[in-house]
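Hydrogens, waters and symmetry mates are skipped; everything else that's a heavy atom, side chains included, is used. Naming: A, B, ... by sequence-line order, numbering from 1 per chain.
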Amino acid sequence: MTKHASQPTKIDQQLAGAQITVGGRTVQPMARLMGQQNSGGPAASGAGAWVRLEPIAVIVREPDGSERRIAVTNPTGQILRALIAAAAFVATISALLIAIARLTGRRN
Amino acid sequence: MDEKPTVALEPIEDLLSRLNVSAAFGEPVREGDTTLIPVASVACGFGYGSGYGRGPGKTPGQAKDKSAEGNSPEATTPDESEGGGAGAGGGGWVKPQGYIRISGDEVRYEPIMSMSLIPLAGMLTGAWCLFWITAAVRSFARK
């Protein structure tokens, strides 16, 4: 049996959707496709992939020809990420302080 | 059967070709002079694989040696036990994120905030921080 190394392939594409026309105004959605694709393996054959499609913006074209971009944000995700970052920061600093307190306590 | 089964990549390529912007932006819904376009984030993953193997068997040299010793033909037959298996699994989710509101001369994105998840995560983070800060203060107070 020949040995095959796994071959991960990163997926990162920006996609533009079909234009939607409402009252002379055109809206074009934009999204980002991220993920990874794997195939092969040392002992058996297999393949797998995970992908995530995130909306990023809509491009609005007005009837007068002007164009603007409206960002599509995810405030819930941003808040949760900020909370996780804060929790990790507090835990790291506290663990460092505890370690310092123990070290200085031993010396004294 | 010495050849390794080949991996079919078509399902992955098919999935990627089907995932387009319309998976994240829904069909426009018109209500009076307002049009709403639902927005969601989509994630999915899957994997499949197969394997095949057989027993260690005996090398031709070993088989000849055993024949010379006068063993029965059954004893000299290479071990032919073999087996294979295959499996697949996958999952995914779609999270509503907000909607695009087109009304009159205005186009706006209105996000949806999770009013249950954020307070819960806030309380958990508060308790976590309180635990660590208390532990740090106590370690200095012991000195």
Side-chain angles (χ1 to χ4, degrees), chain A residues 1-2 4 11 15-18 20 22-23 25 27 29-31 33 35 37-41 43-55 57-58 60 62 68 70-77 79-80 83-84 86-87 90-91 93-102 104-105 108, chain B residues 2-9 11-12 15-16 19-25 28 30 33 35 37 39-53 95 97-98 100 102 104-105 107-109 111-114 117-118 121-122 124-125 128-129 131-133 135-136 139-140 142-143:
Chain A
M1 188 180 279
T2 52
H4 290 238
I11 302 159
L15 307 171
I20 301 158
V22 180
R25 186 186 283 126
V27 176
M30 309 283 289
L33 182 68
Q37 177 182 332
N38 287 290
S39 64
S45 65
W50 70 266
V51 285
R52 192 181 166 120
L53 187 68
E54 290 278 345
V58 286
V60 182
E62 300 290 346
R68 66 195 167 99
I70 299 171
V72 172
T73 54
N74 180 8
T76 305
I79 292 168
L80 292 178
L83 286 173
I84 290 167
V90 168
I93 296 295
S94 301
L96 276 173
L97 289 173
I98 291 166
I100 290 166
R102 281 185 185 163
T104 52
N108 298 332
Chain B
D2 286 336
E3 281 187 19
K4 185 179 161 175
T6 54
V7 183
L9 291 170
I12 293 176
L15 169 82
L16 294 177
L19 263 180
N20 53 33
V21 178
S22 62
F25 291 85
R30 189 176 285 242
D33 61 343
T35 304
I37 303 170
V39 179
S41 56
V42 182
C44 64
F46 69 94
Y48 53 91
S50 63
Y52 172 84
K95 273 189 202 164
Q97 208 168 293
I100 308 288
I102 307 165
D105 56 349
V107 180
R108 228 172 24 170
Y109 169 63
I112 297 169
M113 300 274 279
S114 174
L117 194 61
I118 292 170
L124 283 172
T125 309
W128 171 266
C129 292
F131 164 78
W132 277 104
I133 292 166
S139 67
F140 274 97
R142 276 186 204 137
K143 285 171 69 183

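Contact of Ile102(B) with chain A is made through the side chain alone, with heavy-atom distances under 4.5 Å. Looking at Ser22(B), neither its backbone nor its side chain comes within 4.5 Å of chain A, counting heavy atoms on both sides. For Leu124(B), no part lies under 4.5 angstrom from a heavy atom of chain A. Only the side chain of Leu33(A) comes within contact range of chain B, with at least one heavy atom under 4.5 Å from a heavy atom of that chain. Of the two parts of Ala95(A), the backbone and the side chain both hold a non-hydrogen atom closer than 4.5 Å to a non-hydrogen atom of chain B. For Ile93(A), no part sits under 4.5 Å from any heavy atom of chain B, backbone or side chain.
At distances below 3.5 Å, not a single donor-acceptor pair connects side-chain atoms of Arg108(B) with backbone N or O atoms of Ile70(A). Of the possible donor and acceptor atoms, none in the side chain of Tyr48(B) sits under 3.5 Å from a partner among the backbone N and O of Gly46(A). Between the Thr125(B) side chain and the Ala87(A) main chain, no donor and acceptor come within less than 3.5 Å of each other.
In this structure, OH in Tyr109(B) is found 5.0 Å from OG1 in Thr73(A), a value given to the nearest 0.5 Å. The CD atom of Glu54(A) lies 8.5 Å from the NZ atom of Lys95(B); values are rounded to the nearest 0.5 Å. Between atom CD of residue Gln97(B) and atom CG of residue Asn74(A) there is a gap of 4.0 Å, rounded to the nearest 0.5 Å. Note that CH2 of Trp132(B) is 11.0 Å distant from CG of Leu97(A), once rounded to the nearest 0.5 Å. For the atom pair OG of Ser45(A) and OH of Tyr52(B), the computed distance is 13.0 Å after rounding to the nearest 0.5 Å.
Minimum interatomic distance between Ile20(A) and Pro28(B) (heavy atoms only, all atoms of both residues): CG2-CG, 3.8 Å. The minimum heavy-atom distance linking Thr76(A) with Ser114(B) is given by the pair OG1-N, 3.1 Å.
Most heavy-atom pairs under 4.5 Å with chain B, from the set Leu80(A), Val60(A), Val72(A), Ile79(A): that is Val72(A). Note: Ala49(A) leads Gly48(A), Ala49(A), Pro75(A) in heavy-atom pairs under 4.5 Å with chain B. Most heavy-atom pairs under 4.5 Å with chain B: of the set Gly17(A), Gly23(A), Ala99(A), this distinction falls to Gly17(A). Chain B forms more heavy-atom pairs under 4.5 Å with one residue of Ala31(A), Pro55(A), Ala71(A) than with any other, namely Pro55(A).
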Please test Val58(A) against Phe25(B) for side-chain contact (heavy atoms from CB on, under 4.5 Å), starting from the C-alpha separation and ending with a verdict.
-> CA-CA 10 Å; Val58(A) 286; Phe25(B) 291 85; 3.7 Å; yes
